[in-house]
Amino acid sequence: MTGANGVTGSPGRAPCDVLVVGFGPVGATMAGLLARRGVDVVAIDREVDVYPLPRAAHFDQEIMRIVQELGALDDIAPSTRPLPGMDFLTADRQVLLSMRSGDRTRSGFPSSVLFHQPGFDRAIRDHAVQLGARTLLGIELVSIDQHADHVTAHLGDGSSIEARWVVACDGARSTVRKAIGTTMDDLEFEEPWLVLDLVLADGTPPPADVCFQVCDPARPHTLVPMPAPRFRFEFMLLPGEDPQWIQQPEVMIDLLSAWVDPTTVTIERAAVYTFHGLVAHRWRDGRVLLAGDAAHQMPPFLGQGMCSGMRDAANLAWKLARVLRGESDAALLDTYQAERSPHVRAIVESAVGFGRLICTTDTAAAAARDEAMLAARAAAGESEPSGDDGGGLMPPLGPGPLVLDGGGSQAVQVTLDGVRCDDEIGDRFLVVVRSRLAHAAALDEWERAGAFVADASVDPRWAATLDAFTPPADAVVVRPDRYVLAAGSECPPVPPILATAG
Ligand SMILES: Cc1cc2nc3c(=O)[nH]c(=O)nc-3n(C[C@H](O)[C@H](O)[C@H](O)COP(=O)(O)OP(=O)(O)OC[C@H]3O[C@@H](n4cnc5c(N)ncnc54)[C@H](O)[C@@H]3O)c2cc1C
């Protein structure tokens with residue numbers, strides 16, 4: 001794929017197909033997934049290196065599948081730690097709710113893992129560059145001008161770069177979001193929390209093996225068993241508390257002493273973050289698209305902020321590549337917000353809902369909550385709600401022409417002769433059928449469109465993809481982001497939105 005047609009850049013700043021603004025975890029994923037598809041992509045970041053301290057601590061199996069697509073599994077998977085689940089506790093540590101991770105996931109990876117973000121971010125960046133992304137680091141984007149066939153981005157060093165498309169992955173305070181004038185829908189959650197990352201001394205056991213959400217009205221707090229030797233605590237600031245006061249060593253040691261012997265830990269980082277629940281109203285303006293924290297922010301109680309941004313990147317990358325290759329019209333890009341916004345909004349609402357549960361400081365309300373939840377747990381025989389099986393607890397994609405009956409969740413990844421099928425299929429659609437004979441006309445059309453067709457009557461290992469549905473499907477169409485387009489008794493024709501009008 002060549003650079004932008006008919007556009008010029010400042011000296012030394014060759015134009016590109018896509019300018020990704022922000023080379024954080026979402027921007028690096030976006031750049032890598034585009035470069036992997038042959039797109040000429042430049043990623044720009046005002047910082048030279050990755051942010052040196054972790055914010056995100058958890059990601060899920062779907063993110064590991066994106067890491068697989070970036071070719072970064074061997075660099076990232078060994079340093080993660082599986083997370084068996086999350087318990088919500090009363091102030092005196094009775095279990096209010098216990099969530100356990102599912103054993104089987106659609107991707108084949110552990111349902112939930114904990115990780116150390118700086119190493120993860122660096123690996124994703126490195127792979128984006130290996131895949132062909134160009135970078136401009138240590139330079140800020142200041143403003144953008146949109147034109148009919150390109151966008152001019154003005155940079156902090158006085159230069160500019162032209163791109164056919166811009167994807168803004170420039171975080172919560174996104175300059176690009178402000179430039180396109182979109183506002184955020186505010187779910188009215190705003191709570192400051194102290195985040196304490198600890199290094200445990202040799203031989204010190206972690207204070208918890210699962211994540212604890214301690215719903216103590218006197219001081220709601222969270223325990224996160226990061227990969228050894230790290231451990232994270234998060235403490236809510238009470239109304240009126242000074243963020244400087246709570247970060248004094250003696251105050252932090254006092255907070256920790258309920259769970260650990262402070263002489264066995266080193267505080268690696270202390271920071272106060274204010275958690276929000278926000279979703280942008282418009283994710284696309286002409287040739288500019290938003291992804292990650294630029295498009296949405298959520299409290300971290302479900303560990304889904306970065307995950308949601310990486311899902312944005314996976315959803316958008318294959319669509320943008322098709323548009324750039326001239327295989328689809330730009331209208332395809334309107335399916336991005338239509339599919340992703342309802343999905344992410346449901347997760348933000350869930351995270352805010354859990355946040356309100358955890359952040360209760362009214363003692364009477366907390367006592368009533370505890371009584372109701374303990375009674376519900378006793379009535380259910382203390383059975384643990386099943387965890388995320390790799391799609392079960394995730395909302396479906398929003399509706400649209402690429403989400404038909406049975407679609408909207410991720411497909412099973414089968415392994416054939418030691419090879420994971422995603423690696424074999426690459427950037428193609430996958431169509432799995434019980435028997436080719438029953439769907440001949442539609443399959444011919446999908447094959448002409450470049451799809452990979454698998455017939456379970458010839459290779460029964462593909463039946464797992466069909467049997468994941470209730471009732472089992474006879475035909476499943478899977479998109480290049482591994483989301484199911486349709487699953488049912490009939491194989492649908494290729495949706496017109498995938499073609500060009502001309
Ligand atoms: C305490 C805490 C815990 C969290 N835990 C989790 C978790 O467990 N799991 C999870 O999935 N998420 C979690 N999150 C959320 C997660 O950290 C964010 O959702 C994620 O970092 C967003 O990634 P991003 O790439 O969109 O933005 P960022 O990580 O903010 O990256 C934006 C990048 O853009 C660059 N940039 C900004 N403006 C410009 C500009 N004008 N020009 C050039 N470059 C620019 C910045 O330098 C930065 O590198 C947590 C967040 C916090 C605060």
Side-chain angles (χ1 to χ4, degrees), residues 19-32 42-60 62-64 66 80 83 86 112-118 120-122 124-125 128 135-144 153-157 161 166-179 191-197 211 222 224-226 232-236 269-278 280 290-313 344 347-348 351 355:
L19 178 68
V20 174
V21 186
F23 206 31
V26 176
T29 303
M30 190 77 231
V42 171
I44 179 171
D45 202 293
R46 60 158 72 108
E47 305 296 336
V48 172
D49 201 354
V50 300
Y51 188 66
L53 294 166
R55 289 160 297 162
H58 159 269
F59 66 82
D60 63 43
E62 200 176 317
I63 303 314
M64 198 68 103
I66 295 173
T80 60
L83 175 64
M86 176 156 70
S112 273
V113 298
L114 295 157
F115 73 114
H116 189 238
Q117 195 182 359
F120 175 91
D121 287 1
R122 204 164 280 125
I124 299 285
R125 274 188 172 199
T135 58
L136 285 174
L137 302 179
I139 302 178
E140 187 173 31
L141 175 132
V142 180
S143 63
I144 52 167
H154 301 283
L155 312 185
D157 64 357
I161 180 167
V166 167
V167 185
C169 307
D170 51 347
R173 299 199 180 112
S174 172
T175 304
V176 178
R177 187 184 65 231
K178 287 175 198 141
E191 294 291 352
W193 279 64
L194 169 69
V195 176
L196 283 181
D197 282 332
C211 196
T222 302
V224 185
M226 311 267 281
R232 173 175 288 180
F233 281 86
E234 298 171 2
F235 295 95
M236 189 176 123
R269 177 272 288 276
V272 171
Y273 288 94
T274 299
F275 301 149
H276 300 282
L278 302 165
L290 306 180
D293 274 19
H296 44 75
Q297 291 146 48
M298 66 186 77
F301 302 113
L302 296 175
Q304 280 294 330
M306 183 195 78
C307 297
S308 298
M310 290 179 69
R311 286 188 178 92
D312 296 343
V344 84
I347 297 176
V348 178

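Indexing begins at 1, ligand by ligand and atom by atom, following the structure's order. Just so you know, these numbers come straight off a predicted model, no measurement behind them.
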Considering heavy atoms of the protein only, find what lies nearest to atom 31 (O) of ligand 1 and give residue, atom and distance to 0.1 Å.
-> Gly24 CA, 3.8 Å

Under 3.5 Å: N/O of His58 near N/O of ligand 1 = yes

Phe120 vs Phe59 aromatic rings, parallel, tilted or perpendicular, using cut-offs 30° and 60°?
-> tilted

Can you tell me which residue and heavy atom of the protein come closest to atom 34 (O) of ligand 1, and the distance to 0.1 Å?
-> Gly22 CA, 3.3 Å

Measure Thr175 to ligand 1 on non-hydrogen atoms and call it side chain, backbone, both or neither using the 4.0 Å cut-off.
-> side chain

Logged contact type for Gln304 with ligand 1, heavy-atom cut-off 4.0 Å, is backbone

Would you tell me whether Ser308 and His296 have side-chain atoms, one donor and one acceptor, within less than 3.5 Å of each other?
-> no

Would you check whether Gly303 has a nitrogen or oxygen atom less than 3.5 angstrom from a nitrogen or oxygen atom of ligand 1?
-> yes

May I ask you to identify, for Cys169, whether its side chain, its backbone, both or neither come under 4.0 Å of ligand 1 on a heavy-atom basis?
-> backbone

For the residue pair Arg311 and Gln304, confirm or rule out a side-chain donor-acceptor distance under 3.5 Å.
-> yes

Atom 48 (C) of ligand 1 - nearest protein heavy atom and its distance | Asp45 OD2, 3.4 Å

So, is Phe275 polar-close to ligand 1, with some N/O to N/O distance under 3.5 Å?
-> no

Heavy atoms only: which of Lys178, Gln297, Met306 is nearest to atom 15 (C) of ligand 1?
-> Met306

heavy-atom search around atom 53 (C) of ligand 1 in the protein gives Tyr273 CD2, 3.5 Å

At a non-hydrogen distance cut-off of under 4.0 Å, which region of His296 contacts ligand 1 (side chain, backbone, both, or neither)?
-> neither

Identity and separation of the nearest protein heavy atom to atom 30 (O) of ligand 1 | Arg55 NH1, 3.4 Å

Using distance alone, decide if ligand 1 has a nitrogen or oxygen within less than 3.5 Å of any nitrogen or oxygen in Ala172.
-> no

Nearest to atom 42 (N) of ligand 1, what protein heavy atom do you find, and at what distance?
-> Leu141 N, 2.9 Å

Before accepting this row, confirm whether a basic side-chain N of the pair Arg177/Asp293 lies closer than 4.0 Å to the acidic partner's carboxylate O.
-> no

Nearest non-hydrogen protein atom to atom 37 (C) of ligand 1, with distance, is Asp170 O, 3.3 Å

Answer with yes or no after comparing the ring centroid distance for Phe233 and Trp193 against a 6.0 Å cut-off, counting only values under it.
-> no

Are any of the heavy atoms in Arg232 under 4.0 Å away from ligand 1?
-> yes

For ligand 1, which part of Asp293 has a heavy atom less than 4.0 Å away: the side chain, the backbone, both, or neither?
-> both

Checking Glu234 side chain against Leu194 main chain: does a donor-acceptor pair fall under 3.5 Å?
-> no

Quick one: look at Ala56 and ligand 1, take heavy-atom pairs under 4.0 Å, and tell me if it's side chain, backbone, both or neither.
-> both

Considering only NZ, NE, NH1 and NH2 on the basic side and carboxylate oxygens on the acidic side, decide whether Arg46 and Asp170 come within less than 4.0 Å.
-> no

Atom 24 (P) of ligand 1: closest protein heavy atom, distance to 0.1 Å, is Val26 CG2, 3.7 Å

Please confirm whether Glu47 comes within less than 3.5 Å of ligand 1 when only nitrogen or oxygen atoms on both sides are compared.
-> no

